[in-house]
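In what follows, a structure is listed as structure tokens, so that the remarks can point back to it.
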Amino acid sequence: MGFVKVADTSELTSGSKKKIFVGDKVILLSNVDGSYYAISDKCPHMGGSLGEGVLKDGIITCPKHGAKFDVKTGKAVGEAKMLLLKIKVKDSAVFPLKIEGSDIFVEID
Ligand code: FES
């Protein structure tokens, strides 16, 4: 697919996030301190929607079991918690992103 326009920068103020649908992908778009990032919306643990989690200081927390991901890198920075277990999770997929004017593009393969 290549780069696809997914949003306008005016839709995402600093510290905010947006869940977007492109083809068969669901992507979590975030603005951290004025820079934009795109990772998969699907939690690598059990498929929770990261776009429905809480974004704070560039870290998104999965609403299902609390795993945490750095939205800049997709790196898992906190385990999932189920009952008394802490479960290590994989990193999230990251999508290349570019800005042209006020248009945000994400590269989809
Ligand atoms: S589905 Fe995300 S932490 Fe379990």
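Sequential numbering from 1 along the given sequence is applied to the chain's residues. Start at 1 and go down the list; that is how both ligands and their atoms are numbered.
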Q) If you check every N/O/S atom of H45, which is the one nearest atom 4 (Fe) of ligand 1? A)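 Atom name returned: ND1.
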Check ligand 1 against [X] and write out every atom of the ligand that is under 4.0 Å from a heavy-atom position of the residue.
X   : answer
A80 : 3 (S)
C62 : 1 (S), 2 (Fe), 3 (S)
A67 : 3 (S)

Q) Going from NE2 on H45 to CD1 on I87, what distance comes out if it is rounded to the nearest 0.5 angstrom? A) 4.0 Å
**Q.** Reported CG-to-CZ distance for the pair L29 and F95, which is rounded to 0.5 angstrom
**A.** 11.0 Å
Q.
Run the side chain to side chain donor-acceptor pair (under 3.5 Å) test on S102 and D8 for me, step by step, so that the C-alpha distance in whole Å, both residues' side-chain angles and the decisive distance to 0.1 Å come before the verdict.
A. CA-CA 6 Å; S102 64; D8 191 279; 3.0 Å; yes
Q.
Heavy atom to atom 1 (S) of ligand 1, shortest distance: which of E79, M46, K68, M82 holds it?
A.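 That would be M46.
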Q) Checking side chain to side chain contact (heavy atoms under 4.5 Å, CB included) for the pair V22/M1: CA distance, chi angles, key distance, verdict? A) CA-CA 10 Å; V22 187; M1 274 177 101; 4.1 Å; yes
Q: For S49 and K42, run side chain to side chain donor-acceptor pair (under 3.5 Å): C-alpha distance rounded to whole Å, both residues' side-chain angles, the deciding distance at 0.1 Å, then the answer.
A: CA-CA 5 Å; S49 171; K42 187 175 176 183; over 6 Å; no
Q: For salt bridge (charged side-chain N to carboxylate O under 4.0 Å, His left out), just list the numbers for K98 and E100, CA-CA rounded to whole Å, side-chain angles, deciding distance to a tenth of an Å, and then say yes or no.
A: CA-CA 7 Å; K98 69 178 180 180; E100 283 181 10; 3.2 Å; yes
Q | Under-4.0 Å heavy-atom contact with ligand 1, by part of K64 that carries it | A |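 The side chain, only.
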Q: Flag H65 as yes if one of its N/O/S atoms falls below 2.8 Å of atom 4 (Fe) of ligand 1, otherwise no.
A: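 For H65, the answer is yes, given that an N, O or S atom comes within less than 2.8 Å of atom 4 (Fe) of ligand 1.
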Q. Quick check: does C43 put an N/O/S atom under 2.8 Å from atom 4 (Fe) of ligand 1?
A. no
